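Reading through the structure tokens given below for one structure.
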Amino acid sequence: MERAIDANYSKDALKDEELVKLLPGFTNKNAVVNGVNIHYVEGGQGEPLILIPGWPQTWWAFHQMMPLLAEKFHVIVVDMRGMGASDKPETGYDKKTMAKDIFELIHHAGYDKVNIAGHDIGAQVAFSFAMNHPEATAKLIILDTPHPNAGMYYIPLIAAGNNSLRSEQPQNHMWWMAFNQVKGLPEQLLTGRSNLVHDYVFKYASVNEDSISEFDRAVYLAAYDNADGIRAGNGWYQTFAQDIEDSQSYGQLTIPVLGIGGSGYELLQRELPPYATDLKVVKIEESGHFILEEKPQETASLMIEFLK
């Protein structure tokens, strides 16, 4: 049965202007950088820490961690190009271009060098930021997802054995990796009922699916459940071939790099070492992919310890 956004929450309650009121000390801001308007939320004092969420979420994905991190850092959570209240242009969804968005944003905010962390697609943008703007990167944190590389061409379309995505199952069937790369059709199929895909992903990529509440899901649904939201979010997937080509020119990072993984721990262990000379990879136990919600305090503590 389809879930109407207005069934339990008004549209106004799901807007950034209302959401930020739930996080004292944080404010909404916008900046035009690299030719696009970028929405971000900032708060806290200290060294700058950029946070970038992934699909199918928005800046709200970090909301449990933001107050914890803001005790030590000036936190800037970015709705990247195509996400939430940020612009959704037709092009520019390769991670190198999106990293330039972030690079120009930090200068707009008055910083020359930042710590940066990203989850899911946001992790890919954070990695690209560090590779393409090393002079602007103090430390890098990759949350559960590596940057696209040629190994993605070998992800099976047909699941071997059990196709459950729960983290205790060894066989993952990430069918949406291909589905999101189809141009035009997802918007036609999902507009008005994106919750069907969201609920599937949140359920099967989590150990504790209740960690992403009904309110959280309503926030994300409000951001994505329209043709432009679906098109733009899928744009991040449709540039993977370009991202893979870009990755072949990347060398090694000499800055400190931390990988934090739930269900993506083994993947980070395998994919990050060739790109980092100063690397630590940590596993979050009893968590799936959505470590920001399933284990917010543990994830924040690991980040704070690394960044201090």
Side-chain angles (χ1 to χ4, degrees), residues 33-36 38 47-55 73 76 78 80-82 91-109 111-155 177 181 235-261 264-283 291 302-303 305-308:
V33 294
N34 201 23
V36 294
I38 296 295
E47 291 184 11
L49 171 59
I50 307 295
L51 303 176
I52 315 174
W55 181 88
F73 306 99
I76 301 174
V78 182
M80 57 191 176
R81 174 188 299 239
T91 61
Y93 295 104
D94 62 282
K95 309 311 168 289
K96 190 172 183 179
T97 296
M98 295 171 73
K100 187 178 179 184
D101 295 345
I102 305 300
F103 178 71
E104 292 195 10
L105 180 64
I106 71 165
H107 285 289
H108 172 85
Y111 294 109
D112 293 320
K113 181 174 283 192
V114 297
N115 302 299
I116 188 167
H119 177 256
D120 189 76
I121 299 291
Q124 299 172 356
V125 176
F127 181 89
S128 182
F129 178 92
M131 281 293 183
N132 289 286
H133 307 284
E135 76 287 354
T137 312
K139 293 183 179 182
L140 170 66
I141 301 174
I142 300 296
L143 300 169
D144 211 65
T145 305
H147 188 276
N149 61 49
M152 296 182 75
Y153 290 130
Y154 301 96
I155 295 175
M177 299 283 283
Q181 293 182 60
W236 308 324
Y237 292 80
Q238 292 165 11
T239 58
F240 279 169
Q242 181 62 55
D243 299 330
I244 292 167
E245 181 178 338
D246 290 339
S247 74
Q248 294 174 4
S249 66
Y250 293 158
Q252 281 192 315
L253 296 168
T254 57
I255 60 168
V257 179
L258 174 65
I260 305 176
Y265 169 72
E266 289 78 10
L267 190 60
L268 296 183
Q269 270 197 319
R270 182 172 69 248
E271 302 292 349
L272 289 180
Y275 294 107
T277 61
D278 184 357
L279 171 67
K280 181 179 182 181
V281 181
V282 181
K283 182 175 178 59
I291 58 177
L302 288 169
M303 293 174 62
E305 177 66 22
F306 171 71
L307 293 172
K308 76 178 184 181

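These figures come from a predicted structure and were not determined experimentally.
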For the [atom1] atom of [X] and the [atom2] atom of [Y], what is their distance to the nearest 0.5 Å?
X	Y	atom1	atom2	value
Lys113	His133	NZ	NE2	14.0 Å
Ile291	Lys283	CD1	NZ	10.5 Å
Asp101	Asn34	CG	CG	4.5 Å
Ile106	Ile76	CD1	CD1	8.5 Å
Ile102	Asn132	CD1	CG	12.5 Å
Asp120	Thr145	CG	OG1	4.5 Å

Indicate yes or no for a side-chain donor-acceptor contact from [X] to the backbone of [Y] under 3.5 Å, with no hydrogens or angles considered.
X	Y	answer
Arg81	Trp236	no
Lys139	Phe306	yes
Ser128	Lys95	yes

Query raised in the report: Leu268 pairs by side-chain contact (heavy atoms from CB on, under 4.5 Å) with which of Leu143, Ile142, Leu279?
Result: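 It is Ile142, the one option of Leu143, Ile142, Leu279 that forms the side-chain contact (heavy atoms from CB on, under 4.5 Å) with Leu268.
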Looking at every heavy atom in both [X] and [Y], which two are closest together, and how far apart are they?
X	Y	value
Glu271	Asn149	OE1-ND2, 2.7 Å
Ile38	Met80	CD1-C, 4.3 Å
Leu140	Ala130	CD2-CB, 3.9 Å
Gly118	Ala123	O-CB, 3.1 Å
Val282	Leu302	CG1-CD1, 3.8 Å
Thr254	Thr277	CA-OG1, 3.4 Å

Would you mind reporting whether [Y] and [X] have side-chain heavy atoms less than 4.5 Å apart?
X	Y	result
Phe129	Ile52	no
Thr239	Met98	no
Ile116	Val125	no
Met177	Ile155	yes
Tyr111	Ile50	no

Query raised in the report: Does the gap between the ring centers of Tyr275 and His147 come in under 6.0 Å?
Result: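 Not close enough - the centres of the two rings lie 6.0 Å or further apart.
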Query raised in the report: With sequence neighbours left out, what residues match Asp144 under salt bridge (Lys or Arg N to Asp or Glu O under 4.0 Å)?
Result: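 For Asp144, no residue satisfies salt bridge (Lys or Arg N to Asp or Glu O under 4.0 Å) once neighbours in sequence are set aside.
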Report task. Evaluate the ring planes of Phe103 and His107, with Trp represented by its six-membered ring, and classify them as parallel (under 30°), tilted (30 to 60°) or perpendicular (over 60°). Result ->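 Perpendicular, since the angle between the ring planes exceeds 60°.
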Query raised in the report: Mind checking what makes side chain to side chain contact (heavy atoms under 4.5 Å, CB included) contact with Gln181, not counting sequence neighbours?
Result: Tyr237, Gln238, Phe240
Query raised in the report: For Gln248, which residues count as a side chain to side chain contact (heavy atoms under 4.5 Å, CB included) partner, sequence neighbours excluded?
Result: Ile244
Report task. Verify the distance criterion only: is there a donor paired with an acceptor across the side chains of Asp243 and Gln124 at less than 3.5 Å? Result -> no
Report task. Determine, stepwise, if the pair Thr91 / Thr97 fulfils side chain to side chain contact (heavy atoms under 4.5 Å, CB included). Result -> CA-CA 10 Å; Thr91 61; Thr97 296; over 6 Å; no
